[in-house]
Trainee: 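Pasting a structure here, questions to come.
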Number of protein chains: 2
Amino acid sequence: MIRVALVDDHPVVRAGVRALLEGQEDLTVVGEASDAHSAEQLVAALHPDVVLMDLNLGAGAGGAEVTARLRALAEPPYVLVLTTYDTEADILSAIDAGASGYLLKDAPPEDLFRAIRGTARGETVLAPAVAARLVRRSGPTLTEREVEILGLLATGKSNRDLAKKLYVSEATIKSHLAHIYTKLEVDTRAAAVARAIEQRIIRPVS
Amino acid sequence: MIRVALVDDHPVVRAGVRALLEGQEDLTVVGEASDAHSAEQLVAALHPDVVLMDLNLGAGAGGAEVTARLRALAEPPYVLVLTTYDTEADILSAIDAGASGYLLKDAPPEDLFRAIRGTARGETVLAPAVAARLVRRSGPTLTEREVEILGLLATGKSNRDLAKKLYVSEATIKSHLAHIYTKLEVDTRAAAVARAIEQRIIRPVS
DNA sequence: TTCCGAATCATCCGTTCGGCTATCGATTGG
DNA sequence: CCAATCGATAGCCGAACGGATGATTCGGAA
């Protein structure tokens, strides 16, 4: 019997996953948590085999942080990230934090079951769409610096502002922008920002 | 007994809502659909009292369209929109299409129950966050024209492009942009696009 | 009917962008 | 160990942008 814990701030999703898993003979839900803090308590107390983790836990610590802390425990559970969609950086940081897999919430139940069973065996499981993003590097890969600049672009900064903020010359900024435009196949900052948000390279939050 | 039909492309969500509703004595789920087409068939065949509708049905027709068609039936069901989050325009078009209410998926189960019961009685139910958006007109209200321009801005169009596309002069475009900047409290197109996406005024899709 | 907002158009002007072309050190990886 | 990539830098130039100001028309609300 694989003991599963759910961490998600959506009651509907928790109920859904629970209902689906209870229909499987070898899977059982031993607990639920809706925030970072109770998630840690839950895992410490119940020692589940697998934790289904939503990365977006509303307010407070994010799923990646929680994942890292859970994996730092004495007998760490396997963590399977189950989320709707996130930034490439989010995915990477979750995996960095020790997540064993990454599934999207719109996955069919069979995929979910398979992923949990695989995870419980210590396998790494990635949703096809996610794997594609990571392996094929779907689309061009932006450098850290470029992502940083994109983030600032979204706040309406001018090249001069960017130069000051990053302690480089305007020429450098323009060079980066040119690279960004090429990679995103755009030719204006506005389109670059829209693209970057659409491709989840940056988030639209300030 | 209130007969409910679910329309959502996420199996997990369908299972979750079903599980939650089955725990209520006066609510029963009579059917599920994951796309526009089967949703219409389902409703025509089963005549549910309330349809829980996700606006984002993946590919194909959107939830608003489906809502409109369902409401055009001889004995139309009440439609309660249950979605994660959408554009102000989406909300309005759903209500235009005849939806009786609008709930967010992260709502606690009790709210969901209340909303379904209210909807079945013919009441209009809006999630607080949604109501606030519509009533208080949270933030400045952009005109249709301004939203249209914002959408095109996100594709990287220049003022001249916009002028040609909208059959007006560049001066007009600049005038609109100035208004947009004022309302969104920004001063560049890039920031305007980011703001607009963040505030769900436009969507980041092309 | 009066008044206001939306949409349209216009001109001026200084600033900023984006394209182009090149160079250079550092780090990483075959 | 040498190629490739990344980050940083530079100058030039035409086009685009954003700010400021003002005007007209039209339709709906007061």
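Basis for what follows: all heavy atoms, side chains included, without hydrogens, waters or symmetry-related copies. By convention in this document, chain letters (A, B, ...) are assigned in the order of the sequence lines, proteins followed by strands, and residues within each chain are numbered from 1.
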Trainee: Output the rounded distance in Å from CD1 (Ile149(A)) to C1' (dG18(C)).
Mentor: 15 Å

Trainee: What is the distance, rounded to the nearest whole Å, between atom CG of Leu153(B) and atom C1' of dC17(D)?
Mentor: 11 Å

Trainee: Between Lys183(B) and Thr141(B), is there a donor-acceptor pair closer than 3.5 Å when you use the side chain of the first and the backbone of the second?
Mentor: yes

Trainee: If I take atom CG in residue Asp187(B) and atom C1' in nucleotide dC17(C), what distance separates them, rounded to the nearest angstrom?
Mentor: 15 Å

Trainee: Starting at CD of Glu185(B) and ending at P of dG18(D), how long is that distance when rounded to a whole Å?
Mentor: 17 Å

Trainee: Calculate, to the nearest 0.5 Å, the distance between atoms CD and CG belonging to Glu148(B) and Leu142(B) respectively.
Mentor: 12.5 Å

Trainee: Within the 3.5 Å criterion, strictly below it, is a donor on Ser169(A) or Thr172(A) matched to an acceptor on the partner's side chain?
Mentor: yes

Trainee: Regarding Thr83(A) and Asp54(A), do their side chains bring together a donor and an acceptor under 3.5 Å, going by distance alone?
Mentor: yes

Trainee: Let me know the distance between CG of Leu142(A) and P of dC6(D), rounded to the nearest Å.
Mentor: 10 Å

Trainee: For a quick check, with a 4.0 angstrom heavy-atom cut-off, what is the B/S/- contact string for nucleotides 4-15 of chain C, read 5' to 3'?
Mentor: --SSBBB-----

Trainee: Any salt bridge between Asp8(B) and Lys105(B), counting N to O under 4.0 Å?
Mentor: yes

Trainee: Round to a whole Å and report the spacing from CG of Asn159(A) to P of dA10(D).
Mentor: 14 Å

Trainee: Nearest-Å distance, CD1 (Ile173(A)) to P (dG11(D))?
Mentor: 16 Å

Trainee: Between Arg189(A) (CZ) and dG19(C) (C1'), how many Å, whole number?
Mentor: 14 Å

Trainee: Quick check for you: to the nearest 0.5 Å, what is the distance between Leu27(B) atom CG and Ile2(B) atom CD1?
Mentor: 5.0 Å

Trainee: Quick check on dG19(C): is either OP1 or OP2 less than 4.0 Å from any side-chain nitrogen or oxygen of Tyr181(A)?
Mentor: no

